[in-house]
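Contents: one structure, followed by commentary.
Side chains included, hydrogens not; waters and symmetry mates left out as well; all remaining heavy atoms used.
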Amino acid sequence: SLNVKVSDECVATFNDLKLRKMYKYILYKFSEDKNNFSIDKAVETISNDKSSYIENYENFCSEIISKNEPYFAVYDFEYEKLSEGRRNKIILISWVPKNADAQDKFLSAASKLVLKERFGIAHLIEGTVADEIGVEKILDKLNTIY
């Protein structure tokens with residue numbers, strides 16, 4: 001079916017990121033049978049992280065763009081907003097590389113909104129090449145909205 005399901009485990013892990021700030025980001029991909037989203041990796045938040053939010057995000061980006069199949073990430077994006085200091089926004093990133101399988105591309109297009117709605121995330125960033133999910137793109141989007 002076209003509706004890829006979001007398991008309770010996916011939702012519970014997302015809630016740990018959103019409500020408990022346990023994770024910095026979670027990587028999801030399609031299950032083998034392509035009927036569900038599965039958690040590929042959940043990266044814990046480091047409480048006294050001395051690296052910048054830009055460095056953290058760029059490390060995450062290089063990890064996701066190395067994938068040759070569609071990946072979805074929920075990322076707790078921390079950033080500086082002029083005159084307002086540090087802010088956090090949870091963003092959903094849909095990574096569908098140009099060289100991904102045609103069926104996977106189709107499935108991703110049909111499924112990304114399922115994740116967005118199930119998690120109640122306002123911001124969806126879509127990328128097929130690295131620049132489209134780069135830190136500048138995220139900051140542009142967040143600074144335009146708020």
Side-chain angles (χ1 to χ4, degrees), residues 2-31 36-102 104-146:
L2 275 183
N3 274 344
V4 178
K5 290 174 190 56
V6 182
S7 70
D8 292 343
E9 184 200 5
C10 289
V11 175
T13 309
F14 168 74
N15 286 332
D16 285 339
L17 176 146
K18 182 182 177 180
L19 306 172
R20 296 200 194 84
K21 302 287 181 201
M22 279 174 61
Y23 301 108
K24 186 67 190 162
Y25 64 90
I26 306 165
L27 292 181
Y28 299 92
K29 63 179 186 174
F30 295 128
S31 59
N36 299 284
F37 287 103
S38 66
I39 297 171
D40 189 52
K41 184 178 189 182
V43 173
E44 292 186 8
T45 304
I46 303 164
S47 47
N48 294 320
D49 192 354
K50 296 286 177 256
S51 37
S52 75
Y53 67 94
I54 292 178
E55 272 178 283
N56 284 330
Y57 185 77
E58 285 174 346
N59 292 338
F60 154 79
C61 265
S62 48
E63 179 180 4
I64 201 171
I65 62 181
S66 70
K67 313 285 188 192
N68 288 325
E69 60 183 307
Y71 262 76
F72 302 87
V74 172
Y75 193 97
D76 188 359
F77 190 81
E78 189 180 349
Y79 63 108
E80 303 279 343
K81 174 113 177 169
L82 285 175
S83 77
E84 294 174 35
R86 290 211 152 185
R87 319 252 331 237
N88 275 68
K89 282 288 170 241
I90 294 176
I91 54 177
L92 175 64
I93 296 159
S94 159
W95 172 250
V96 185
K98 286 201 157 114
N99 58 349
D101 175 78
D104 283 352
K105 285 181 181 179
F106 183 73
L107 197 58
S108 299
S111 309
K112 61 186 172 226
L113 295 178
V114 174
L115 268 183
K116 186 177 186 291
E117 285 162 21
R118 184 78 197 266
F119 292 156
I121 296 177
H123 313 295
L124 171 64
I125 308 281
E126 300 176 68
T128 57
V129 294
D131 288 355
E132 294 173 342
I133 62 168
V135 76
E136 290 81 14
K137 278 280 188 292
I138 310 283
L139 290 170
D140 281 353
K141 185 160 183 146
L142 294 176
N143 286 320
T144 333
I145 302 170
Y146 297 101

Exercise for the section: Evaluate the side-chain proximity of Phe14 to Leu115: yes if any heavy-atom separation is below 4.5 Å, no if none is. Expected result: no

Handout entry: Ser111 (side chain) donor-acceptor with Val114 (main chain) under 3.5 angstrom
Key = no

Handout entry: Lys89 side, atom NZ; Leu139 side, atom CG - distance, nearest 0.5 Å
Key = 13.5 Å

Fill in the blank from the handout: When every non-hydrogen atom of Lys112 is compared with those of Ser94, the smallest separation belongs to CD-OG, 4.1 Å

Exercise for the section: Could you tell me whether Phe37 and Tyr71 have their ring centroids closer than 6.0 angstrom? Expected result: no

Practice task
Any chance you could measure Asn68, atom CG, to Asp101, atom CG, to the nearest 0.5 Å?
Solution key: 11.5 Å

Exercise for the section: Side-chain contact test, heavy atoms from C-beta onward, threshold under 4.5 Å: evaluate it for Asp40 versus Lys67 and give yes or no. Expected result: yes

Practice task
Determine yes or no for a side-chain-to-main-chain donor-acceptor pair under 3.5 angstrom, with Lys24 supplying the side chain and Asp76 the backbone.
Solution key: yes

Handout entry: Check: Phe119 ring centre within less than 6.0 Å of Tyr28 ring centre
Key = yes

Practice task
State whether the side chain of Lys105 and the backbone N or O of Asn99 hold a donor-acceptor pair below 3.5 Å, judged by distance alone.
Solution key: no

Fill in the blank from the handout: Taken to the nearest 0.5 Å, the spacing of Ile121 CD1 from Ile91 CD1 works out to 9.0 Å

Handout entry: Within-4.5 Å side-chain heavy-atom neighbours: Leu124 and Leu113
Key = yes

Exercise for the section: Check whether more than 12 heavy atoms from other residues, nucleotides or ligands sit under 6.0 Å from atom CD of Glu9, and answer yes or no. Expected result: no

Problem - Ring centroid separation Tyr75 to Tyr25 under 6.0 Å - result: yes

Exercise for the section: Quick one: pull up CD1 in Ile54 and CG in Asn59 and give me the separation to the nearest 0.5 Å. Expected result: 12.0 Å

Exercise for the section: To the nearest 0.5 angstrom, please state how far the CG atom of Leu142 sits from the OH atom of Tyr79. Expected result: 4.5 Å

